[in-house]
Structure formats: structure tokens, C-alpha cells
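Everything quoted here is computed from the prediction, not taken from an experiment. Naming: A, B, ... by sequence-line order, numbering from 1 per chain.
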Protein chains: 2
Amino acid sequence: MMRLQASEAADETRDEIVRQATQLFTHYGYSKTNIGDIALACDMSAGNLYRYFRNKQAIGHAVVARFFDEVDACIERGMDESQCAEARVRFVITAAVEHTVRELRQAPKIVELSEMICETEEGQAVVGEHVQRNLARLTGLVREGVANREFNVNDAEAAARAVQMGTKFFHIPFALAQHGLDRVEADLAVTLDLLCAGLRGRAACQPRD
Amino acid sequence: MMRLQASEAADETRDEIVRQATQLFTHYGYSKTNIGDIALACDMSAGNLYRYFRNKQAIGHAVVARFFDEVDACIERGMDESQCAEARVRFVITAAVEHTVRELRQAPKIVELSEMICETEEGQAVVGEHVQRNLARLTGLVREGVANREFNVNDAEAAARAVQMGTKFFHIPFALAQHGLDRVEADLAVTLDLLCAGLRGRAACQPRD
DNA sequence: ATAATGAAAAATTTATAAATTATTCATTAT
DNA sequence: ATAATGAATAATTTATAAATTTTTCATTAT
């Protein structure tokens, strides 16, 4: 198998492929979109796609990675450094979930893509990286909150992980769709209320016996 | 279609069917177990099963309902009324999750059953009832905690819902299996640490602007 | 060199027939 | 009456062939 292209121009082409694939996946679904369709939309032959992606799944992974990058960018953009740590923790989670919910509303077919992702090793790696980045961000925020006495937790990293686990349900497209998209925002709000109360509280994340 | 049997003896037969079906489903999986197998295990004809259950799915629903009943019984049995509300909240969640994890370890095939459940209206009703019962129990515990000044939340029902949503991830068999059963217990513990800290904290579940 | 093609091979999906399984029901037994 | 059967029918699954799609690669173009 030939090694993938790595030049400037190749990166541009790769981007275009991901853009076109995103359109087709959201419109027709992952399985109903074939390599030929993507190639056609990109004005190239099917074979040429393999100079940029190892296979069809890899395109799916790139589409999802791009979605995660958008969520991250949206969070970076919207993050208001002047706000208290709690507001920013809430924003980080809420923005990501709302982004996903919006996506699910206007393109329910992406559930299929997210299921493919779960089934592949590399797909899980893509998700894993995003989760990791998110945890790092949360940990930073919790540390800040602890530093300025807004939060009161012993182990900032554990508390951040707790926030992440306590909202993990809201990051699973399949679960959201089943729960009912309309209930998501309210349920996330009460959950964040309690988690944030925990971050502020005195005895949170004390070592257990 | 004939109406289902409703006598004493019929209930006994129904129980036996559910018991045998549970064995077969956990051993061979829901799809690989056929009505004939269940009937054979019960020493009756396939046709006769339909006097006790509307169809195969209904047997699956009953198996899951029974599992939930076991979890509930286990919780009732293990619940120590002398303990503080927090310990009991933790126990309610932890016992249920551990029950599920144990089940998943010794019978990974039940994931298939839980997926069938999600796909059927009646299956979701079975889950919904269990979730409802659980919420009621949590709400009662939170109220008790509030009453004896152990917890400090405005809206006990909202706080209970937050505990439920914040641990919902840990109740989804598919999600648990993917997350890795070995990580579940530790991750649930930190999550409960933070949620319980929230229950104890001063400003939890205040009305938002 | 890098980019792209199009035809060939491999893998997957769809269509269809055959076989199995789920479900109903007329009949028999208790 | 209630319980159960087993044969008949309906629905589903499996097996197989045909068609499509994915992937590779030798070749051409820039």
C-alpha cells in the first residue's frame, strides 16, 4: 500500500475531501455514501482518494475529528475568561452538548457515523483524544477555581474526571437521540447544578476510607 | 389472538418460562435462542408458550423486568436504614451498577438483549418503570437527607434527578462494556463523590436566572 | 518527484430462493 | 373451563448467486 501524501497541496485536497464527505454523510448517511460519490463531489477518481485516506472508514474518522475540532474551536471562541470558573466549566460542557444536539437535529443520520466510530479501533482513538483534551481543559478550570477559592476540592484532576463522567451520557449521540433531544438541555442543566455545587462544596473529593 | 392466561398456576408457569429463557439468553444470546429451545427447556410445545407470552420479545421484556426486580430486591435487602442519607444514595446507585457489571462479566451476551429492549416500545416502558422507581427512591433519600440537615438542596426532586442523570452512563450496558468494565467502579466512585458533595453543599440546585 | 486515472481484484452488499423460526389455531386432553 | 398439542401459515433468517462497492495498482500526466 502506498504511503499517504503529506504536502501542503495534499492537505488542502484532504480538507476538501472531508468537507464533501461531511455533506454526503449528513445527507445520505455513512453507509449510503460510497467512495465514488465522494470522489465525484471532489472531481476526482475513486482511486485517487486512496492517496489521501487509507480507506472509507478513515474518511469517517476525519469527518468526526473535524467535528470535534469545530466543537473545540466553538468553545475556545465562546469562552469568556472574565467569568468565574464555574460558569466556564458549565460552558465547556453545555456548548459541546448543544453543538451535538444541534447536529443531531439537522442531521439525524450522523448517529450512524458515530456508531461506526465506536466499532473501530482508530475511531475510538479519535474519540479518546477528544475526551482527553476535554479532561485537560476541565482540569485546568477546576484548578483555577480551586486557586481563587471558588471551588473546594482536594483532587482537581479527580473532580474534573467526575464532571466528565457525570456528563458523559450527554455526549453519546445514540443515548441523546433515545433520551429525546428536547429533554436534553433541561436534564443537563440540573446535572451541572449538582456537579458544580459539588465543586464549590467543602468536603468534595476527600479521600475515602 | 387469544388472551393471556391469568391464573395462579399460569403465573407459576410464566415464572418457569422466564427462568429457562434467562438461562438460554445468557448462554446463547437472545437471537440464537429460539422459541422451540425455550419450550423444550420448559417441557412444553412452542405453541403453548403463546398462552403465556404475546411473543418472543415479550419473553425478553419479562427477563429484563425480572433482572430489574432482582436489582431492586438486592437494594432493599442491602439498604441499611441506620446509615446516613449519603451512604444510602451511594449504595442505591453502586449496588445497581455493580449488579449490572457482574451480570455483564459472567454473561456478555445480555448486551444483545438490552439492545433489543431499546428498540421496542414496550421494552422502553419496562426500563422507564425501573428508572421511575429508582428516581422515586432517590427522591425519598434526598428528602430524608434534607430533613436531617445532612443535605442542603432547594429542590429535592431536581437533585435526585441530577444524581440519576449524572450516573445514567453507568446504567447503559453497551456503554459500560465499551468503557471497559474494569474502569467502571473507580469512575463511578469519583462521580458519586462529586454528586454527593453537591447534595451536601450550600448552594446546590438554587433556581437559576 | 507528485497527482491522477481507469481498469482489475478483493471485499461487501443486495436480490433471491431455500430453510428455519415465530406465530396462529383447530383439535385433544385434563 | 384451562392446559396443551402439533400441524399450518406467516415472518424471518440463512445460503447462494449477482451486482455493487471498495481497494489496489500499473500506467499516464504534470
Side-chain angles (χ1 to χ4, degrees), chain A residues 1-18 20-21 24-25 27-63 109 112-113 115-117 119-123, chain B residues 1-18 20-21 24-25 27-63 109 112-113 115-117 119-123:
Chain A
M1 183 209 285
M2 187 212 253
R3 197 160 77 266
L4 299 180
Q5 292 314 108
S7 65
E8 292 271 302
D11 285 342
E12 185 42 56
T13 305
R14 224 185 306 275
D15 267 15
E16 171 66 1
I17 293 168
V18 173
Q20 297 293 346
L24 292 164
F25 288 165
H27 208 82
Y28 303 108
Y30 174 76
S31 63
K32 289 281 167 59
T33 300
N34 45 250
I35 292 287
D37 296 333
I38 301 172
L40 188 67
C42 297
D43 272 315
M44 59 170 72
S45 66
N48 199 38
L49 278 181
Y50 289 84
R51 289 172 35 83
Y52 300 95
F53 289 98
R54 193 158 48 267
N55 51 33
K56 186 182 172 183
Q57 282 187 348
I59 299 178
H61 298 150
V63 167
K109 308 241 183 201
E112 189 197 357
L113 183 57
E115 274 163 3
M116 180 278 279
I117 292 292
E119 286 163 9
T120 66
E121 197 126 337
E122 198 187 319
Chain B
M1 185 207 286
M2 189 214 254
R3 198 158 78 266
L4 298 179
Q5 293 313 108
S7 64
E8 292 271 303
D11 285 342
E12 186 40 60
T13 306
R14 224 185 305 274
D15 267 15
E16 171 66 1
I17 293 168
V18 173
Q20 297 293 346
L24 292 164
F25 289 165
H27 209 81
Y28 303 108
Y30 174 77
S31 63
K32 291 281 168 59
T33 300
N34 44 250
I35 292 287
D37 298 333
I38 301 172
L40 188 68
C42 297
D43 273 314
M44 59 171 70
S45 67
N48 199 37
L49 277 181
Y50 289 83
R51 291 171 34 83
Y52 301 94
F53 289 97
R54 195 159 46 268
N55 51 34
K56 185 181 172 183
Q57 282 187 348
I59 299 177
H61 298 150
V63 168
K109 307 242 184 201
E112 190 197 358
L113 184 57
E115 273 162 4
M116 181 278 276
I117 293 290
E119 285 163 10
T120 67
E121 198 127 335
E122 199 187 318

A.B. asks: Closest heavy-atom contact between B:Asn55 and B:Tyr50?
C.D. replies: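 Where B:Asn55 meets B:Tyr50 most closely, the heavy atoms are CA-CE2, 3.9 Å.
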
A.B. asks: After noting the C-alpha distance and the side-chain angles of A:Arg51 and A:Thr13, does the key distance pass the side chain to side chain contact (heavy atoms under 4.5 Å, CB included) rule?
C.D. replies: CA-CA 10 Å; A:Arg51 289 172 35 83; A:Thr13 305; over 6 Å; no

A.B. asks: Carefully, step by step, assess A:Glu12 and A:Glu8 under the rule side chain to side chain contact (heavy atoms under 4.5 Å, CB included).
C.D. replies: CA-CA 7 Å; A:Glu12 185 42 56; A:Glu8 292 271 302; over 6 Å; no

A.B. asks: Any residue in residues 32-39 of chain B with a heavy atom nearer than 4.0 angstrom to DNA chain D? Just list them by number, or reply none.
C.D. replies: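 Under 4.0 Å from DNA chain D: no residue of residues 32-39 of chain B.
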
A.B. asks: D:dT22 P sits how many Å from A:Phe53 CZ, rounded?
C.D. replies: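 Rounded to the whole Å, the gap is 15 Å.
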
A.B. asks: Nearest of D:dA3, C:dT2, D:dT5 to any side-chain atom of B:Arg51?
C.D. replies: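 Per side-chain heavy atoms of B:Arg51, the pick is D:dA3.
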
A.B. asks: Between P on C:dT20 and NZ on B:Lys56, what's the gap in Å once rounded to a whole number?
C.D. replies: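 Distance check: B:Lys56 NZ to C:dT20 P gives 16 Å.
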
A.B. asks: If I compare all heavy atoms of B:Glu122 with all of B:Arg54, which pair ends up nearest, and what's the gap?
C.D. replies: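 Residues B:Glu122 and B:Arg54, closest heavy atoms: OE1-NH2, 2.6 Å.
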
A.B. asks: Is there a side-chain polar atom (N or O) of A:Tyr50 under 4.0 Å from OP1 or OP2 of D:dT24?
C.D. replies: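 Checking D:dT24 against A:Tyr50, no side-chain N or O comes under 4.0 Å of OP1 or OP2.
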
A.B. asks: Do you know which two heavy atoms are closest between A:His27 and A:Lys109, and how far apart they sit?
C.D. replies: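 Result for this residue pair: O-CE, 3.7 Å.
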
A.B. asks: CG of A:Leu49 versus P of D:dT21: gap in Å, rounded?
C.D. replies: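 Value for this atom pair: 15 Å.
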
A.B. asks: How long is the line joining CD of B:Gln57 and C1' of D:dT12, in whole Å?
C.D. replies: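 The answer, rounded to whole Å, is 13 Å.
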
A.B. asks: Please check this pair: side chain of B:Lys56 against backbone of B:Tyr30, looking for a donor-acceptor N/O pair closer than 3.5 Å.
C.D. replies: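 Yes, the answer is positive, given that a donor and an acceptor are paired below the 3.5 Å cut-off.
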
A.B. asks: Can you check the A:Tyr30 OH to D:dT21 P distance for me, whole Å?
C.D. replies: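 Distance check: A:Tyr30 OH to D:dT21 P gives 14 Å.
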
A.B. asks: What is the distance from CD1 of B:Ile59 to P of C:dT21, rounded to the nearest Å?
C.D. replies: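 After rounding, the reported distance stands at 15 Å.
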
A.B. asks: Quick check: closest heavy atoms across B:Leu24 and B:Thr33, and the distance to 0.1 Å?
C.D. replies: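 Nearest heavy atoms, B:Leu24 then B:Thr33: O-OG1, 3.2 Å.
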
A.B. asks: Grab the two heavy atoms, one from A:Cys42 and one from A:Glu16, that are nearest each other, plus how far apart they are.
C.D. replies: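 Smallest heavy-atom distance, with atoms named: SG-O, 4.2 Å.
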
A.B. asks: Starting the side chain at C-beta, find the nucleotide from C:dA4, C:dT5, D:dT5 nearest to A:Tyr52.
C.D. replies: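 Comparing C:dA4, C:dT5, D:dT5 against the side chain of A:Tyr52, the answer is C:dA4.
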
A.B. asks: More 5' along DNA chain D: B:Ala46 or A:Gly47, using each one's nearest nucleotide?
C.D. replies: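 This one resolves to B:Ala46.
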
A.B. asks: Figure out the CE/P separation between A:Met44 and D:dA29, and round it to whole Å.
C.D. replies: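 Nearest whole value for this atom pair: 19 Å.
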
A.B. asks: Of the non-hydrogen atoms in A:Ile38 and A:Ala21, which two are nearest, and what is the gap between them?
C.D. replies: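 Heavy-atom minimum between the residues: CD1-CB, 4.1 Å.
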
A.B. asks: Rounding to a whole Å, what distance do you find between A:Asp43:CG and C:dA3:P?
C.D. replies: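 So the two atoms are 17 Å apart, to the nearest Å.
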
A.B. asks: Would you indicate which nucleotide in D:dA4, C:dA4, D:dA3 comes nearest to any side-chain atom of A:Asn48?
C.D. replies: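 Nucleotide nearest to A:Asn48's side chain: C:dA4.
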
A.B. asks: At under 4.0 Å, does any side-chain N or O of B:Ser7 touch on OP1 or OP2 of D:dA3?
C.D. replies: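 True: B:Ser7 side-chain N/O within range (under 4.0 Å) of D:dA3 OP1/OP2.
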
A.B. asks: Could you summarise the pairing of DNA chain D as dot-bracket text, marking Watson-Crick and G-U pairs under 3.5 Å with ( ) or [ ] inside the strand and | across strands?
C.D. replies: ||||||||||||||||||||||||||||||

